Amino acid sequence: MTEDVYEAIMEVARRRGILFPAFRIYGGARGFYDYGPLGAVLRRKIVDRWRWYYVHREGFMEVDSPTLGISAVYEASGHVDHFMDPMTQCKECGEFYRADHLIEEELGIDCEGKSLEELNELIEKHDIRCPECGGELTEVTEFNLMFSTNIGPKEGRTGYLRPETAQGIFIQFKDLYRLARQRLPFGVVQIGRAYRNEISPRQGVIRLREFTQMEAEVFFDPEEKEVPHFDRYADEELYFYPIEEQLKEDGEMYRMTVREAVEEGLVEQPIAYFLGLTKRFLTDLGIPDEAIRSRQHLPEERAHYARDCWDVEVKLERFGWVEVVGIADRTDYDLRKHSKHSGEDLRAFKELDEPKVVYRPKPKMNELGPRFKSDAPKVAEALREIEAEDPSELEGGLEVEVNGEKIEVPPECYEVVEEKVSGIRFYPHVIEPSYGLDRILYCVLEHNFDPEKGAFKFPAWLAPIEVCVFPLLKRDDMIDVARKIADELSEAGFIVEYDDSGSIGRRYARADEIGVPYCVTVDHDTLDDDTVTIRDRDTTEQVRVHLDDLEDALRRLLLGEANLEDVGEPFSPSQGS
RNA sequence: GCGGCCGCAGUCUAGUCUGGUAGGACGCGGGCCUUCCGAGCCCGUUGCCCGGGUUCAAAUCCCGGCGGCCGCACCA
């Protein structure tokens, strides 16, 4: 076999309706894929599992905001100015390249964080040319990854397809904070499409121009930045690959528990918690423990908004360690930015243990106005910032600074008022676990793929088809019974497929290929005693169960509550009738 | 798209005519009291849609925009 696992998987995936390259009849377009019938189910099940962790268990609120945003949002978030990749183009054939990736491929060096000048120098110095045609390359320029469009007819207003779902949450902070009953910490999740106009997507479903994110934004009081139920995943063991190991010549990842990592100061508690959760989630999907590591971002690769960031990476045959989840400490960056740009106060409020009393000069505008004319509002503003613990400090006039000049404010211009300060306002800090669904789905495919059989072996609950029902022979009496069973199982909630084409062996193989965990077969005995066989995908062993027990047996099998031998009498075809 | 009405806390609303930077109710948070499904009391918290103009000063007056509702038109 010359083809690698990636190609084998994509071949089965395309043939059996998991993934299709998009727009195929028109020649396709890089960076876009369709989910076929089975892929769509698989995707849904992964999303549902994620929801179970984040919405059900963590109790986070799920929202769903527009994928197209007005420009103000992305001006405030910094994406208009910062969400750029370095780009170069071949002068001969016109092909575009990501300059840093191209240099990395050609020279085998790390270009993360290099400036445009540095990239240009490298290209010139090493005479890097177009890998396609050998042509000369243009000067490296910045290219914004957001898709822009117009909102409304004609020129309209500039809009951007969202490059991440997160902003939709930040800009609704006020309402969400209220709905969280104004208590921190709280979390909000969003699952949806995001768009990035990648310069040259090349790795199949790993780098898409339209992809699905599952993101959580968890808001913390910066002074109490801890997950309350930390113990839930604290004893989870995982592989850590922190900055210092990455910088060593022979640096290695090492294994420890989430709790130990926090105690050793390797990673802060909330990020560690979500790393633990993520590992559990990924192993649920059939990705083995040793193919999952938590890698800390190097300072130069962190996004413009992140203080610390850890990726959860999954090891793939062809692509090596691939980031499937990023858990970033976005601090108060986003809320601050949106507060500033929108003028809305996106702070949280915290009551002090002891309210304190202060005294303030309350400006009398009808005195200030005539006296200071156009400076009156500034004087008033300056007065409002004065605060004293003792009212006598405010008696007999005050001095304020306006436009760099000191101004005497006579006492008749203000009134000393007592004010109770009962709390403080602050911007919450955000920890953001962000999952790339499409990449995760590919990892699930690869790690559940048996290259020998060319077949998937998904965890039973995850299989896009849960049960196949076959008549042993294409005989009307068996067909009728099998169809009826399939129908009843379907009504009971199972994802069922009925199949009577070809030989029974062929049908088992077909079911195996797409990872159907259990096949139910109607045979001669069924017609006599209402029993059927259940066949296990991985062992190909069979048991006989009575039709009355079938639903229950399958349910327990799919949930992993029982093994095959627990649900029926052993059966082997040679002993059967 | 056209016409009308309207934009004050999360919600409902006073104030707008007669410019001087906002008051209430419910809600929400904390406490007390109670104790099983929106009881009471105390404390706290939250706001004039945006931009421009007039003015020393705009929730208030003028212009523009945006948004909502209703009607008509158009359309999946």
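Since the model is a prediction, treat every value here as computed from it, not as a measurement. Each chain gets a letter, A, B and so on, in the order the sequences are listed, and its residues count up from 1.
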Q: Is the shortest distance from a Lys or Arg side-chain nitrogen in A/D334 or A/K337 to a carboxylate oxygen in the other one below 4.0 Å?
A: no
Q: Among the candidates B/G10, B/A22, B/U21, find the nucleotide nearest to the side-chain atoms of A/M365.
A: B/U21
Q: Under 4.0 Å from OP1 or OP2 of B/C28: is there any side-chain N or O of A/R178 that close?
A: no
Q: Between B/C5 and B/C41, how far is it from one C1' atom to the other, in whole Å?
A: 43 Å
Q: In whole angstrom, give me the gap between the P atoms of B/C17 and B/G7.
A: 14 Å
Q: Could you check whether A/R183 gets within reach of a base, just the sugar-phosphate, or nothing at all, counting any heavy atom under 4.0 Å?
A: sugar-phosphate
Q: For the P atoms, the ones on B/C66 and on B/C50, what distance do you get once it is rounded to whole angstrom?
A: 15 Å
Q: Measure from the side chain of A/K362, starting at C-beta and using heavy atoms only, and say which of B/A22, B/U45, B/G20 lies closest.
A: B/A22
Q: For a quick test of reading the model: is some side-chain N or O of A/S422 closer than 4.0 Å to OP1 or OP2 of B/U45?
A: yes
Q: On a whole-Å scale, what distance lies between the P atoms belonging to B/U11 and B/G27?
A: 15 Å
Q: Of all heavy-atom pairs between A/R232 and A/E58, which one has the smallest distance, and what is that distance?
A: NH1-OE2, 3.2 Å
Q: Choosing from B/U21, B/G30, B/C28, which nucleotide comes nearest the side chain of A/Q182?
A: B/C28
Q: Nearest to the side chain of A/F349, heavy atoms from C-beta on, is which of B/G10, B/C56, B/U45?
A: B/U45
Q: Both A/K373 and A/G423 contact RNA chain B. Taking the nearest nucleotide for each, which residue is further toward the 5' end?
A: A/G423
Q: Only pairs with both distances under 3.5 Å count, Watson-Crick or wobble alike; so what is the partner of B/G1 in this structure?
A: B/C72
Q: Salt-bridged, A/K174 to A/D345, with N to O below 4.0 Å?
A: no
Q: Taking the C1' atom in each of B/U18 and B/C28, what is the distance between them to the nearest angstrom?
A: 37 Å
Q: If you check every side-chain atom of A/R181, which of B/C28, B/G10, B/C56 has the closest atom?
A: B/C28
Q: Partner lookup for B/G10, please. Criteria are Watson-Crick or G-U wobble with both distances under 3.5 angstrom; report none if nothing qualifies.
A: B/C26
Q: Any salt bridge linking A/D48 with A/R51? Criterion: basic side-chain nitrogen under 4.0 Å from a carboxylate oxygen.
A: yes
Q: Using heavy atoms to find the nearest nucleotide of RNA chain B for A/E344 and A/A380 separately, return the residue whose nucleotide is more 5′.
A: A/A380
Q: Given that both distances must come in under 3.5 Å, which nucleotide forms a Watson-Crick or G-U wobble pair with B/G64?
A: B/C50
Q: Is it the case that A/K279 places NZ or CZ above or below the six-membered ring of A/Y233, under 6.0 angstrom from the centre and within 45 degrees of the axis?
A: no
Q: Return the pairing partner of B/U21 with a 3.5 Å limit on both distances, Watson-Crick or G-U wobble; otherwise return none.
A: none
